[in-house]
Protein chains: 2
Amino acid sequence: MHPNGVPEVKSQVTDEVLVHRRRGQIIAAAVELFARQGFYRTTIQEIAKLAGVSSGLIYQYVSDKEDVLLLSLLSVLDSYKHEIPAAMEGLSDPLARYRAAVQAYCRVVDQRREATVLAYRSTKSLPEDRRQLIKNHEIETNGLIEAALRDCIAEGLFREVNVELVTYQLVTFAHSWALKYWRLKQLVTLEEYIAHGLDFFARALLTPKGWRHYSKLADAGTAGPPKAIAAKPRKQRRTASGT
Amino acid sequence: MHPNGVPEVKSQVTDEVLVHRRRGQIIAAAVELFARQGFYRTTIQEIAKLAGVSSGLIYQYVSDKEDVLLLSLLSVLDSYKHEIPAAMEGLSDPLARYRAAVQAYCRVVDQRREATVLAYRSTKSLPEDRRQLIKNHEIETNGLIEAALRDCIAEGLFREVNVELVTYQLVTFAHSWALKYWRLKQLVTLEEYIAHGLDFFARALLTPKGWRHYSKLADAGTAGPPKAIAAKPRKQRRTASGT
DNA sequence: CTTTGGAATGAATGATTATTCATTCAGCCG
DNA sequence: CGGCTGAATGAATAATCATTCATTCCAAAG
């Protein structure tokens, strides 16, 4: 929808390269501070200090504090949009691609945990029109998962379900790792979380034909731990009261 | 942990009944405004106006603006904690209780959609100690779902899974209705959403023995639409671009 | 009819902070 | 070299609000 990656947001400065570099600085600082303190608790002065520039400079690259937020959120969503296809690169088996997509999604969320939470918290702090931009990005990312799902269905590996709905469940599953990290980390590791999720969704989605493929995949270890996915219901239970 | 429902938050006013009534007014106004505009965009003056009191009065019943937020969030979580057991009242079959719990959760979330989103957005705006209070409430509510799940497992209707993890998936499923309403409403109705979810989780969780019970339940119509749960993958697809 | 004290009011205060802008700086060109 | 131009600075400005508090209200008690 826009030539380079940065739409709508205007800058006083003309030098493309400089704009890119400076915005990079600003956004890096902003994401960190927004994630830690939230949008409203963070001042432009703080961002400027952390970015190593003056407060006035920021307004040469951005027209609002809200623009800083918008750019920050877009940078997070962009990391989704890059990592997921990257993880699927080279895989052709639909099931393997599906698994890779979900795994990748969970892992990016883990890497950018605070930032993911930021996206949930702060999107509404944006005026309607800019918020729309964010939603579009989200829909676009979902499209990656959706496509993987559809392929599995087309191959008869997954049963016919409402794809969009299941996509949302998958996306939500990934996001939850960040949103509920405070509790989940007491229960499982990231990899366990992913394994549990893949197993869970598999049971809900696979056709008999799908199961056969799936078992082969799992044994081959294309991704994820080979077996014993669901066998241990009790494990790290007690940790809850011990912290 | 506390005699009445309102812990920690101090009031200048001594009359218990009055405190209860006034806080009710204040919270009702606050929840509405916070949900619509967010915490920081909402001023105490606005809350006062909507509640039909003076701005100064609020500080007789609360020590902070943050306390207003705390009370607001607690009121939302309390509605969960009430509605869910209420919906399970009288049901003894574990599967029926489980279904009722999930349904009830989704429906409260739907009723208090904006408020649910508020909880996600604003919990971090609270200082650590008050935030802890919220988390405890959440864990408590989850306990309701968890118990229902455990019963189903104990009866051999559900397979042995990591109960806490699955609980989070269920909770998340309910919350997502509010968090992603902007998109989901284009895809399905609330009841369809619930039906889809129950079916999906059923497939992932039921044992063969469980399936037999489940079919009976569904036919008897204890809750939810009797049949045709999974049969229609395509349906309201097109709506997306039409709005 | 006073008195008294808890409730309620809302104008005034004091901080905080987004945003501006007069000024300085640095490189480049003729 | 001057003189320009686009970048960068950061102090000053202007608003916005949470919070306070001097005052008023009111109902019950004496």
Side-chain angles (χ1 to χ4, degrees), chain A residues 6 9-34 36-73 122 125-127 130, chain B residues 6 9-34 36-73 122 125-127 130:
Chain A
V6 192
V9 181
K10 304 242 169 77
S11 168
Q12 309 276 90
V13 179
T14 53
D15 180 346
E16 285 283 324
V17 182
L18 185 54
V19 169
H20 188 74
R21 184 158 55 80
R22 286 262 121 117
R23 281 189 176 170
Q25 278 180 275
I26 295 167
I27 290 170
V31 168
E32 173 161 345
L33 290 169
F34 287 161
R36 184 159 58 232
Q37 317 174 333
F39 178 66
Y40 290 100
R41 278 172 149 51
T42 301
T43 69
I44 288 288
Q45 277 79 0
E46 283 178 292
I47 296 173
K49 176 141 69 149
L50 185 59
V53 299
S54 69
S55 59
L57 175 136
I58 291 179
Y59 285 89
Q60 303 217 282
Y61 292 90
V62 127
S63 56
D64 260 342
K65 191 185 174 191
E66 276 165 354
D67 263 350
V68 178
L69 178 59
L70 177 62
L71 290 177
S72 301
L73 296 181
S122 306
S125 304
L126 252 35
R130 305 193 221 188
Chain B
V6 194
V9 182
K10 303 247 168 74
S11 168
Q12 310 276 88
V13 179
T14 54
D15 181 345
E16 285 282 325
V17 182
L18 185 54
V19 170
H20 189 74
R21 184 158 54 81
R22 287 261 119 118
R23 281 189 175 171
Q25 278 180 275
I26 296 167
I27 291 170
V31 168
E32 173 162 346
L33 291 170
F34 287 161
R36 183 158 59 231
Q37 316 175 334
F39 178 65
Y40 290 101
R41 279 175 145 57
T42 302
T43 70
I44 289 288
Q45 277 80 359
E46 282 177 292
I47 296 174
K49 176 142 68 152
L50 185 59
V53 300
S54 67
S55 59
L57 175 136
I58 290 179
Y59 285 88
Q60 302 216 283
Y61 292 88
V62 126
S63 53
D64 261 341
K65 190 187 176 190
E66 276 165 354
D67 262 350
V68 178
L69 178 58
L70 177 63
L71 290 176
S72 300
L73 296 181
S122 306
S125 305
L126 252 35
R130 305 193 222 189

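Sequence lines set the chain letters: A, B, ... in the order given, protein chains first and strands last, and positions in each chain run from 1.
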Can you tell me the distance, in whole Å, between the [atom1] atom of [X] and the [atom2] atom of [N]?
X        : N       : atom1 : atom2 : value
Lys49(B) : dT9(C)  : NZ    : P     : 15 Å
Arg21(B) : dA7(C)  : CZ    : C1'   : 11 Å
Ile58(A) : dA7(D)  : CD1   : P     : 16 Å
Glu46(B) : dT16(D) : CD    : C1'   : 12 Å
Gln60(B) : dT9(C)  : CD    : P     : 9 Å
Ile47(B) : dG10(C) : CD1   : P     : 17 Å

Looking at residues at least two apart in the chain, or sitting in another chain, which of them share a side-chain hydrogen bond (donor to acceptor under 3.5 Å, both in side chains) with [X]?
X        : answer
Thr42(A) : Gln37(A)
Glu66(B) : Arg41(A)
Ser54(B) : none

What string of B, S and - do you get for nucleotides 15-20 of chain C, 5' to 3', when a contact is any protein heavy atom under 4.0 Å? --SBBB
Residue set satisfying side chain to side chain contact (heavy atoms under 4.5 Å, CB included) with Thr43(B), at least two apart, ordered chain then number -> Gln45(B), Glu46(B)
For Arg21(B), salt bridge (charged side-chain N to carboxylate O under 4.0 Å, His left out) partners two or more places apart: none
Step-by-step side chain to side chain contact (heavy atoms under 4.5 Å, CB included) determination, Val68(B) to Phe39(B): CA-CA 10 Å; Val68(B) 178; Phe39(B) 178 65; 5.9 Å; no
Candidates dT9(C), dT9(D), dA7(C) - which lies nearest the side chain of Leu57(A): dT9(D)
